[in-house]
Amino acid sequence: EPQLKITIKEAGHMEEGVPLHLFSAFCSAIIAQTVAMPADTLKTRVLNSNSPRATLISVLVETVRGEGFGALFKGYIPAIMRQGPVIVVQMPIVEQLRALLGVGFL
């Protein structure tokens with residue numbers, strides 16, 4: 001979140017404050033979930049595999065060949081719905097606590 005927030009501030013789109021914290025936290029949640037989703041999907045498929053020889057690479061190849069690249073993002077919307085609110089609430093609270101403690105914003 002801090003790098004995104006800094007970029008938004010430096011571009012002059014928003015000033016420091018709660019709206020900036022909420023927006024940057026929301027964007028960060030989407031970015032983080034997008035990056036993590038393929039790994040989470042593959043991990044789940046490896047763990048649920050009936051084959052004792054299932055590896056990350058074998059499951060990746062099988063998934064992409066059989067279902068296409070989009071299969072790596074199955075469950076993306078529910079994951080965002082679960083993770084998004086946590087980040088959107090948590091990060092602005094952290095920012096406000098830092099300000100109250102005199103540490104300053106991230």
Side-chain angles (χ1 to χ4, degrees):
E1 179 197 6
Q3 185 59 47
L4 181 63
K5 187 179 90 167
I6 291 167
T7 303
I8 293 169
K9 274 181 23 182
E10 286 178 352
H13 296 299
M14 296 178 90
E15 297 292 321
E16 186 71 56
V18 174
L20 174 61
H21 300 163
L22 289 170
F23 180 74
S24 60
F26 175 74
C27 291
S28 296
I30 289 174
I31 292 167
Q33 192 59 52
T34 301
V35 170
M37 194 70 203
D40 287 344
T41 300
L42 290 172
K43 176 194 71 164
T44 300
R45 288 181 178 224
V46 168
L47 293 175
N48 290 334
S49 174
N50 291 331
S51 172
R53 298 177 61 155
T55 65
L56 187 64
I57 299 299
S58 68
V59 171
L60 171 63
V61 170
E62 180 182 323
T63 300
V64 172
R65 278 188 186 154
E67 302 174 52
F69 185 75
L72 298 175
F73 293 90
K74 279 190 174 178
Y76 182 77
I77 299 299
I80 286 287
M81 298 301 288
R82 180 185 69 243
Q83 197 66 17
V86 172
I87 300 294
V88 169
V89 170
Q90 178 184 5
M91 291 313 295
I93 289 173
V94 167
E95 290 279 8
Q96 295 304 310
L97 286 174
R98 288 179 60 89
L100 286 172
L101 294 173
V103 180
F105 293 115
L106 289 175

Q: For residues Leu60 and Arg45, determine if any side-chain heavy atom of one lies less than 4.5 Å from a side-chain heavy atom of the other.
A: no
**Q.** For Ala54 against Val46, the heavy-atom pair lying closest together
**A.** O-CG1, 4.2 Å
Q: Check side chain to side chain contact (heavy atoms under 4.5 Å, CB included) between Ile57 and all other residues, then give those that pass, not counting sequence neighbours.
A: Thr55, Val61
Q) Mind checking whether Thr41 and Phe73 have side chains closer than 4.5 Å, heavy atoms only? A) no
Q. Honestly curious: do Leu97 and Val18 fall in one hydrophobic cluster under the side-chain, below-4.5 Å linking rule?
A. no
Could you go through residues 75-87 and list every donor-acceptor pair under 3.5 Å that involves a side-chain atom there, pairing it with any protein atom two or more places apart or in another chain?
unit_1 : atom_1 : unit_2 : atom_2 : d
Tyr76  : OH     : Thr34  : OG1    : 2.6

Q.
Could you tell me if the side chain of Lys5 sits less than 4.5 Å from the side chain of His21, heavy atoms only?
A. yes
**Q.** CD1-CD distance between Ile8 and Gln3, expressed to the nearest 0.5 angstrom
**A.** 10.5 Å
Q) Is the shortest distance from a Lys or Arg side-chain nitrogen in Glu15 or Lys9 to a carboxylate oxygen in the other one below 4.0 Å? A) no
Q: Please check if Leu47 and Leu42 belong to a single hydrophobic cluster, counting links between Ile, Leu, Val, Met, Phe, Trp and Tyr side chain heavy atoms closer than 4.5 Å.
A: no
Q) Do Pro19 and Met14 come within less than 4.5 Å of each other through their side chains, counting heavy atoms only? A) yes
Q | Asp40 and Gln33: CA distance, side-chain angles, deciding distance, side-chain contact (heavy atoms from CB on, under 4.5 Å) verdict | A | CA-CA 10 Å; Asp40 287 344; Gln33 192 59 52; 4.2 Å; yes
Q. Is there a path of hydrophobic side-chain contacts, each under 4.5 Å between heavy atoms of I, L, V, M, F, W or Y residues, that connects Phe69 with Met37?
A. yes
(Q) Using 0.5 Å steps for rounding, measure from the OG atom of Ser24 to the CD1 atom of Ile6. (A) 10.0 Å
Q) Heavy-atom distance under 4.5 Å between the side chains of His13 and Thr7, does that happen here? A) no
Q) Any idea which heavy atoms bring Val88 and Leu22 closest together, and the distance? A) O-CD2, 3.6 Å
Q: Mind checking the OG-CD spacing from Ser28 to Gln90? Nearest 0.5 Å is all I need.
A: 11.5 Å
